[in-house]
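Working notes for the structure below.
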Amino acid sequence: MEESIFQPYLATKSIFRMDREILRPSYIPDKLPHREDHIEQLAQILAQALKGERPSNVLIFGKTGTGKTAVVKYIENEFRKADAARMVHYLYMNCEIVDTPYGVLQGIGNRFIENFNQRIPFTGLSTDRVYNLLVEKLDEEKRVVIIVLDEIDKIVLKNGDDILYQLLKINDDLSRARVSLIGISNDLKFTEYLDPRVRSRLSDEKMVFPPYNAEELRDILTERARLAFDNGAAPEAALSLIAALAAQEHGDARRALDLLRVSAELAERNGDDRIAEEHVQRAKNKIELDTVIEAVKSLPTQSKLILLGILLNEEVGNTKLTTGEVYTTYRELCRRTGISPLTQRRVTDLISELDMLGLVHARVRSFGRGGRTKEIQASVPLLDVKKVLEKDELLAEVRGYRLKVQTTLI
DNA sequence: TGTCCACTGGAAGGGAGGGCTT
DNA sequence: AAGCCCTCCCTTCCAGTGGACA
């Protein structure tokens with residue numbers, strides 16, 4: 001066969017044993033190290049459902065990557081196995097993606113509607129209508145419905161607790177079906193935003209998932225590495241390093257697994273047969289940069305313009321900016337690109353969004369007579385991000401544009 | 001001690017885009 | 001076609017504010 005340019009890459013022997021899905025956070029292994037107790041506790045509560053009774057509502061707390069979602073999905077699989085007759089419906093919903101009351105009701109409802117044409121549309125009906133439709137659908141049969149609301153704090157923060165109130169009292173409107181809720185939150189304080197009645201009904205049972213420490217992370221990595229790699233491809237030293245790095249980042253197991261996967265990919269691409277410390281360090285940098293670049297790419301144009309404005313200032317040595325300065329630069333960029341400018345009020349909000357995404361630092365500071373404003377600073381690598389921004393066709397007019405250096409008088 | 005700057009961030013509301021109901 | 005309803009993105013309006021300075 002003729003040599004193709006792909007040949008060298010195909011020839012390198014993969015250090016992954018089979019598909020690398022095993023290292024993705026979405027993969028649910030048969031064993032979740034250091035979460036056995038939580039699984040058991042949750043199983044005990046939810047087992048009621050198999051007797052046809054409504055289990056208690058559960059609230060689960062824990063930071064990202066502490067295994068909340070994994071445990072909940074694990075239980076879902078167990079229900080699949082145990083409940084052949086499908087009396088128990090277990091449905092998972094992420095409130096960060098579906099973040100409106102309407103969306104949640106619609107999402108739940110559609111799980112019970114097989115006929116595509118009868119599905120609840122994503123807009124158009126009144127929320128009450130959708131609720132009634134949902135009640136009607138659920139009550140068609142005697143069944144127990146367990147609804148998992150992941151990132152439940154997101155929806156409460158945005159829309160208040162009306163939707164939870166509605167879902168909690170849905171059992172009063174049902175005669176045959178029964179509904180239980182499992183809420184998952186990153187934020188321990190989130191119940192403070194709830195109406196006391198909602199709070200007490202929602203948290204019949206509470207569970208807290210503590211962050212993993214380095215040792216526990218190493219166990220998790222070892223377990224996964226055993227499945228994913230051939231012997232020796234992931235030496236203990238490498239796993240320990242990854243565990244240590246991830247433990248520094250608040251014990252996030254998802255981070256640890258990502259780091260392992262990317263380290264392995266880098267080792268493989270390099271033609272090495274095992275993961276070395278160097279691969280781990282490079283993987284760490286790569287992940288950090290990739291995350292930022294992805295976030296920047298998916299920004300709406302207006303936010304890109306604002307971010308570019310902040311970076312252009314940084315380029316000329318102006319690192320700490322006020323809202324006013326950012327807005328002035330932004331207006332200039334709008335003028336040059338022909339994009340119609342937003343009001344300063346809106347731009348403040350967009351700056352706050354950039355802050356939440358971790359792309360800039362913005363904190364409110366008072367300069368006395370100089371007024372009270374945000375102090376804004378980019379927190380992304382200037383050159384890499386600028387390159388990404390300038391790829392946007394809408395920003396073509398300002399490619400290579402530089403700000404004039406301020407002549408400081410003093 | 002009070003003033004006053006440059007905003008902040010809440011509230012209300014408009015209107016576009018989507019889609020059902022009658 | 002007219003009348004609703006929902007969400008998203010945005011504008012307008014504005015009371016409120018931390019702290020350097022007079």
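Because only heavy atoms are used, hydrogens play no part in the values below, and waters and symmetry mates are left out as well, while side chains stay in. Below, read A as the first sequence line, B as the second, and so on, with proteins coming before strands; counting in each chain starts at 1.
Under the 6.0 Å cut-off for aromatic ring centres, A:Tyr212 and A:His34 do not qualify, their centroids lying 6.0 Å or more apart.
Put simply, A:Ser126 has no side-chain N or O that comes within less than 4.0 Å of OP1 or OP2 on C:dC6. For B:dG9, one of the phosphate oxygens OP1 or OP2 lies less than 4.0 angstrom from a side-chain nitrogen or oxygen of A:Lys374. Contact annotation: A:Thr373 side-chain N/O to B:dC5 OP1/OP2 distance is not under 4.0 Å. Put simply, A:Thr323 has no side-chain N or O that comes within less than 4.0 Å of OP1 or OP2 on B:dC7. Proximity of A:Arg345 to the phosphate of B:dG10: no side-chain N or O atom is located under 4.0 Å from OP1 or OP2. Phosphate contact (OP1/OP2 of B:dT8, side-chain N/O of A:Thr348, threshold under 4.0 Å): present.
Among the atoms of the strands shown, only primed sugar atoms or phosphate atoms (P, OP1, OP2) are found under 4.0 Å from some heavy atom of A:Thr127.
The CD-C1' distance, from A:Glu325 to B:dC5, rounds to 15 Å in whole Å. Whole-Å rounding puts the A:Arg129 CZ to C:dC4 P distance at 16 Å. With rounding to whole Å, A:Asp128 atom CG is found 16 Å from C:dC4 atom P. Nucleotide C:dC14 holds its C1' atom 14 Å from the CD atom of A:Gln344, rounded to whole Å. Rounded to whole Å, the distance from CG on A:Asn132 to P on C:dC5 is 14 Å. Per the geometry, CD belonging to A:Glu375 stands 13 Å off P belonging to C:dG19, to the nearest Å. Atom CD1 of A:Ile351 is separated from atom C1' of B:dT8 by 11 Å (rounded to the nearest Å). Distance CG (A:Leu125) to C1' (C:dT7): 13 Å, rounded to an integer number of Å.
No more than 12 heavy-atom neighbours from other residues, nucleotides or ligands sit within 6.0 angstrom of CD on A:Gln44.
Closest contact between the side chain of A:Arg346 and the listed nucleotides B:dG10, C:dT11, B:dC20 involves C:dT11. Distances from the side chain of A:Ser366 to the nucleotides B:dT21, C:dG18, B:dA6 place C:dG18 closest. Nearest nucleotide to the A:Val364 side chain, out of C:dC8, B:dT8, C:dT11: B:dT8. Residue A:Arg369 places its side chain closer to C:dA20 than to any other of B:dG19, C:dC6, C:dA20.
Results of the side chain to side chain contact (heavy atoms under 4.5 Å, CB included) test with A:Glu151 over A:Asp99, A:Asp187, A:Thr69, A:Asn94 single out A:Asn94 as the only residue that passes. The side chain to side chain contact (heavy atoms under 4.5 Å, CB included) with A:Cys95 is formed by just one residue from the set A:Val156, A:Ile184, A:Ile155; it is A:Ile155.
In this model, no donor atom of one side chain and acceptor atom of the other lie less than 3.5 Å apart for A:Thr64 and A:Asn186.
Nearer the 5' end of DNA chain C, as judged by each residue's closest nucleotide, is the contact made by A:Arg372, out of A:Arg372 and A:Phe367.
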